[in-house]
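The figures here come from the full heavy-atom set of this structure, side chains too, leaving out hydrogens, waters and symmetry mates. So you know, we letter chains A, B, ... as the sequences are listed, proteins then strands, and number each from 1.
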Amino acid sequence: MAPLYDVETIERKWQERWRQADCFRAVAQADRPKYYLLEMFPYPSGRIHMGHVRNYTIGDVMARYKRMRGYNVLHPMGWDAFGLPAENAAIKHSTHPAAWTYDNIAYMKRQLQRLGFSYDWRRELATCDPDYYRWEQLVFLRMFEKGLVYQKETTVNWCEKCQTVLANEQVIEGTCWRCDRPVVARKMNGWFFRITAYVEELLAGCDRLKGWPEKVLTMQRNWIGKSVGAEIRFAVEGSDEPLTIFTTRPDTIFGATFMSVAPEHPILDRAPAERLDEVRRFAAETRDERQRAKPEEELPKRGVFSGLFAINPFTGDRLPIFAANFVLMEYGTGAVMAVPAHDQRDFEFARAYDLPVKVVIQPAEGRLEPAAMTEAYEGPGVLVDSGAFSGMASEEAKKAITRYAEEQGFGRAQVTYRLRDWGISRQRYWGAPIPIVHCPNCGAVGVPEEDLPVRLPTDVQMDPSGKSPLHSLKAFYQTVCPRCGAAARRETDTMDTFVESSWYFARYTDPAYDQGPVNPEEAAYWLPVDQYIGGVEHAILHLLYARFFTKVLRDLGLLSIDEPFTNLLTQGMVLKDGAKMSKSKGNVVDPDEMVQRYGADTVRLFSLFAAPPERDLEWNNEGVAGAHRFLARLYTFVTEQQDRLAAARSLPERLTAADRQLRRKLHQTIRKVTADMEADFHFNTAISAVMELCNTMTGLAASDTPPSAAVLREAVEAILLLLAPMTPHLCEELWQALGHTTLIAEASWPAFDPEAAREEELTIVVQVNGKLRSRIQISPDTSAQEVERMALADDKIQKFTAGKTVRKVIVVPGKLVNVVVS
RNA sequence: GCCCGGAUGGUGGAACUGGUAGACACAAGGGACUUAAAAUCCCUCGGCCGUAAGGCUGUGCGGGUUCGACUCCCGCUCCGGGCACCA
């Protein structure tokens, strides 16, 4: 289908006018209410995809709407420009990551501009720009000073072929996503952000973020994974050093029949010589097994007796200590007391190795017999066989037993989290250098702030192996210690790219500020972000990191907010043929092609119309054509009557029935669309309301008794204003056609007139026993008694009530009458 | 396994706080205009019965509450997402 009006000319024209008028430039004005609207910035991968189009369209509608409502709107755009794909592309195409990245930025920027998004491009930033990452390095150093950054040796995903660490998400079923070779676990030194120092505040914030989807908050809470319980020390036979375990069920401690520790647990080094080989072999096997296992696979419970025994401090029982494949060194203390009767994993393990099962909790219903149990009972109940604690309810016993352990000095209440510190070291080239120098005398020393930025050298040759050139670039890593002057080695790892995206929203408030990461005055005016919009795939990573970083920047005195994003909208995916668009499936829809064929307004309109924002959107080319036809009808209607409409002045003194009908529909539509915009971003219903209004308008205009020109003009103007945030180019064009000389982008949102919106006549539904039987027309001021009388007198209703007794009549004012008969 | 969502015509989706189910579109079918096509315009469009008027039925399934249930409650089924030996 060819475009039905000259979209190319119209859209280019208005994009140019907006640019000339500079109408999306944001300037802080203390006396005006601000609105900071932000969409997640893109990675410059090459071209924008429909997911971007949808995300940025939703954001643009809100930004334009808020402007029309009188807010001082900040709506910036930039580029999440560091990342591994640039390195891969550079190797593949024999270019430089920077060149590839900046080419992509230029191309994608043109694409975004062609869609008519109302960004303040003056604030554009790219995170690979030294003027951006120098401030990130400064924040890193301040965090280092405060102990919020530290280095430690840890296990990472390493690809031999690519000579690099892979992020968890780059490990596909145990193999490298790029070369398909198995990933190996490797101990490496790396830098960590102490996000766990903020774990309680991050968790508490989840209860206060009223503007976030509950789903995202739940995911964050789960990720943080707070467990309340107790830490208990068990003496180990023949050793001074106790074995410390963490449990959430101290109430079951009398039921412990053995102990399980992670295969890597240090206590195993103390195993008797005759068991040591077997224990070490088991640890090695488990490591391999975990390596090979698919992530979702639950391995059968296996273990090996260490030869060691622990003493239950409550019972004095001698408990064999097993190395077990299901115990994780990274969680809790890497050791657990095993209560097979009341923990499913321990139960399975006990059955597999023929270990005793001791019941210490009896449920309210029934009675547990160890021999008869086929699974553990993990629910609450009453303690039995638990010494002085017998007879207590399990919840009460948790506290009592913990208190007792504390009094006796072998335990205490303890809280454990699933959240780990954030490992930010990447053995990649295309990232922000970590501003550290490793000195043989002084250890890790921060680069002095006056020496920032530590520039990422650009005169490097990319190594086809994927190995970062920084590791072998003497000019980069050879340096001297800033503290003692000794020859030293510069850190050659770069930062995780999630660091850049953790604070970019704050930088937008003054991206050129050269006195620090954030201009305090601008930040004080604009922050926090009032509305943030992006994909739900960032529910944990980016959104949690950004929350963490906000608190860090606050504690460094750089920001004065606690949370970065007041309201969050997670938009659904764009699907084609029921599946996510992908090259391999061949179901990719190219935004450029769509824009060229139908124009930006049509693409925007369809993205908004096809589904509410939070739901997945099925792309449908026929539907796009339909959206285009709607715009074309409006265009034709206005241009055909342009002279009449442009000449029309104030409303006539006496309105005809058609005038009143159109105005009623018009003002009802303004009310409806305003409510949709304010309440829940349901643009799809807002658009359908405007479509109804257009149908009413064109229908009346073509009738024998058309509305007057002035009323038509009022309707057209309102339609244009209501659609302006969604399809801004066409609305500007038609706004001008009506004779306006100012931009609709700078116009005010229309007000609705309740008087004009009021119905002159209401349709009341009449039911008999809840079934629709008739409709009656009444005037809005008819009394309930009168409505009831009219309903009962209605012919059709009489038919259904004849010969029956009317038991009850329910009148819902303005809605319906239900006659109950029997 | 646990935690969230969701299920409405051929399709995408509407339905306020329990009050006309299917708005608005798309597709399909029929018609008008045209030499023809495109574009445009008009009509039909959940299912069953009926020439019609109208009736019955219908929001994943089974119960319940209510004058009245897509909406609330209880019990399931299926689909999507997140987490997952987390002690």
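Taking the C1' atoms as reference points, A84(B) lies 40 Å from C16(B), given to the whole Å. For the P atoms, the distance from G10(B) to G22(B) is 16 Å, rounded to whole Å. Comparing the P positions of G19(B) and A25(B) gives a spacing of 25 Å, expressed to the nearest Å. A distance of about 13 Å separates the P atoms of A53(B) and U44(B), rounded to the whole Å. Comparing the C1' positions of G29(B) and C74(B) gives a spacing of 45 Å, expressed to the nearest Å. Nucleotides G75(B) and G82(B), compared at atom P, are 27 Å apart to the nearest Å.
Aromatic rings of Tyr353(A) and Phe258(A) (six-membered ring for Trp) have centroids beyond the 6.0 Å cut-off, not under it. Taking the centre of each ring, His628(A) and Tyr5(A) come in below the 6.0 Å mark. Here Phe234(A) and Phe410(A) keep their ring centres 6.0 angstrom or further from each other.
Comparing Asn769(A) and Ala627(A) by the nucleotide of RNA chain B that holds the closest heavy atom to each, the one mapping nearer the 5' end is Ala627(A). Nearest-nucleotide positions on RNA chain B place Asn818(A) closer to the 5' end than the other of Asn818(A) and Phe246(A).
Shown here, G9(B) is classed syn by the O4'-C1'-N9-C4 or O4'-C1'-N1-C2 angle, which is within 90° of 0.
A donor-acceptor pair under 3.5 Å links the side-chain atoms of Asn769(A) to the main chain of Val821(A), judged by distance alone. In this structure a side-chain-to-backbone donor-acceptor pair under 3.5 Å is missing from Arg775(A) to Ile764(A). Panel note: side chain Asp317(A), backbone Leu319(A); no donor-acceptor pair is recorded below 3.5 Å.
One interatomic measurement links the two molecules: NE2 of His628(A) to P of A39(B), which rounds to 11 Å at whole-angstrom precision. Between Leu816(A) atom CG and G18(B) atom P the separation is 15 Å, expressed in whole Å. Nucleotide G12(B) holds its C1' atom 15 Å from the NE2 atom of His682(A), rounded to whole Å. Atom CG of Asp676(A) and atom P of A23(B) are 17 Å apart (whole Å). What separates NZ of Lys226(A) from C1' of C2(B) is a distance of 20 Å, to the nearest Å. Atom CD in Glu330(A) sits roughly 10 Å away from atom C1' in C86(B) (whole-Å rounding). Rounded to an integer number of Å, the gap from Gln220(A) CD to C83(B) P is 12 Å. The CZ-C1' distance, from Arg249(A) to A87(B), rounds to 11 Å in whole Å.
Distance from the side chain of Phe800(A) is smallest to G55(B) among G19(B), A84(B), G55(B). Listed nucleotides U20(B), C85(B), C3(B) differ in distance to Asn222(A); the shortest reach to its side chain belongs to C3(B).
Considering only side-chain N and O atoms, Arg629(A) lies under 4.0 angstrom from the phosphate OP1 or OP2 of C26(B). Contact annotation: Arg773(A) reaches the phosphate of G55(B) (side-chain N/O to OP1 or OP2, under 4.0 Å). Between C4(B) and Arg221(A), no contact under 4.0 Å exists linking OP1 or OP2 to a side-chain N or O. In terms of phosphate contacts, Lys808(A) brings a side-chain nitrogen or oxygen within less than 4.0 Å of OP1 or OP2 of C67(B). A sub-4.0 Å separation between OP1 or OP2 of G81(B) and a side-chain N or O of Arg615(A) is absent.
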Would Trp422(A) and Phe498(A) count as a ring pair (Phe, Tyr, Trp, His ring centres under 6.0 Å) if you check the C-alpha gap in whole Å, the side-chain angles of each, and the deciding distance to 0.1 Å? CA-CA 10 Å; Trp422(A) 174 14; Phe498(A) 277 106; 7.3 Å; no

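In this structure, Arg345(A) is not positioned above the aromatic face of Phe326(A) in the sense of NZ or CZ being under 6.0 Å from the six-membered ring centre and within 45° of the axis.
Stretches of at least 3 consecutive Watson-Crick or G-U wobble pairs, with each checked distance under 3.5 Å, appear in RNA chain B as B:1-7 with B:77-83, B:10-12 with B:24-26, B:28-32 with B:40-44, B:46-49 with B:54-57, B:60-64 with B:72-76.
For the segment residues 684-701 of chain A, residues with any heavy atom less than 4.0 angstrom from an atom of RNA chain B are, sorted by number, Asn684(A), Thr685(A), Ser688(A), Met691(A), Glu692(A), Asn695(A).
Counting distance only, with no hydrogens placed and no angle test, the side-chain atoms of Lys771(A) and the base atoms of C67(B) include no donor-acceptor pair under 3.5 Å. Between the base of U20(B) and the side chain of Arg775(A) there is a donor-acceptor pair shorter than 3.5 Å.
Proximity of Ile232(A) to Gln414(A): side-chain heavy atoms (C-beta onward) are nowhere separated by under 4.5 Å.
Using a 4.0 Å heavy-atom cutoff across all strands shown, Asp346(A) reaches no nucleic acid atom at all.
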